[in-house]
Amino acid sequence: TEPRVYYKYNYRFEGKGTVLDKLTVLQKDDDAATKIMGRRWRIPTAEEVDELINNCVFINYSLNGTRGYLVTNKYVLSDTLFIPLAGKKDYGNYRMDPATMGYYWTSTLIGEEIAKIDSIDPRGDMVSKAKAMVFSLNTKSPIVAFIKRNVGCTIRPVSNKN
């Protein structure tokens with residue numbers, strides 16, 4: 001089958017009419033958190049999610065009947081947040097993995113690191129993916145993984161300082 005053509009956030013030529021923009025992080029105009037909550041808010045980058053994973057402890061927790069993780073900063077114990085296991089939407093708005101998995105978008109798309117190994121991706125499957133924080137009920141901490149861009153993952157906005 002023909003690969004899906006992405007006209008924005010595309011690191012390689014995909015066919016007639018494709019614009020090779022090499023963008024790998026969402027611009028403000030395309031960031032759902034910015035659009036919905038205002039210019040101070042945005043979706044975190046994969047680097048910021050990695051920092052969260054490396055500097056926090058994830059504790060299996062239930063808040064008001066919702067399963068998820070209580071995330072506590074290793075160095076400032078008063079800094080905590082709750083991240084629910086909200087699942088994802090796929091296959092025509094079908095909700096998958098509620099209360100057992102968490103899928104949270106980052107604003108980082110797959111880009112140049114994949115372009116360097118493009119020979120293993122001849123159909124362009126990787127250009128159709130972005131990075132997301134993924135965790136399950138049984139994991140000690142999340143990972144950053146590649147998820148297809150047409151999947152409905154949760155957004156956990158962060159606020160810019162200014």
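Please read these numbers as outputs of a predicted model, since none were measured by experiment.
Residue Lys140 qualifies as open at atom NZ: its count of foreign heavy atoms under 6.0 Å is 12 or below. For NZ of Lys148, the number of neighbouring non-hydrogen atoms (other residues, nucleotides, ligands) closer than 6.0 Å is 12 at most.
Both Val144 and Val71 sit in one connected hydrophobic cluster of ILVMFWY residues. Membership requires side-chain heavy atoms under 4.5 Å apart, directly or through other members. Clustering ILVMFWY residues whenever any of their side-chain heavy atoms sit less than 4.5 angstrom apart, transitively, puts Val134 in a cluster other than the one holding Tyr69. One hydrophobic cluster, built from ILVMFWY side chains closer than 4.5 Å, holds both Ile43 and Val151.
Residues Thr100 and Leu85 have side chains not in contact (no heavy-atom distance under 4.5 Å, counting atoms from C-beta outward). For the pair Thr45 and Ser107, the minimum side-chain heavy-atom distance is below 4.5 Å. Side chains of Val49 and Tyr104 form no contact here, defined as non-hydrogen atoms less than 4.5 Å apart. Using a 4.5 Å heavy-atom cutoff, the side chains of Phe135 and Met101 are not in contact. Residues Lys88 and Ile147 form no side-chain contact, since every pair of their non-hydrogen atoms from C-beta on lies 4.5 Å or further apart.
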Audit row: Leu109, Arg149, side chain to side chain contact (heavy atoms under 4.5 Å, CB included) steps and yes/no
CA-CA 9 Å; Leu109 292 97; Arg149 287 163 59 177; 3.6 Å; yes

Name every donor-acceptor pair, under 3.5 Å, that has one atom in a side chain of residues 53-65 and the other anywhere in the protein, sequence neighbours excluded.
| residue | atom | partner | partner atom | Å |
| --- | --- | --- | --- | --- |
| Asn54 | ND2 | Asp50 | O | 3.1 |
| Asn55 | ND2 | Glu51 | O | 3.1 |
| Asn60 | ND2 | Leu137 | O | 3.3 |

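The backbone N or O of Pro142 lies less than 3.5 Å from no partner atom in the side chain of Thr139, so there is not a single donor-acceptor pair.
Residues meeting the ring-ring contact (aromatic ring centres under 6.0 Å, His included) test with Tyr103, sequence neighbours left out: none.
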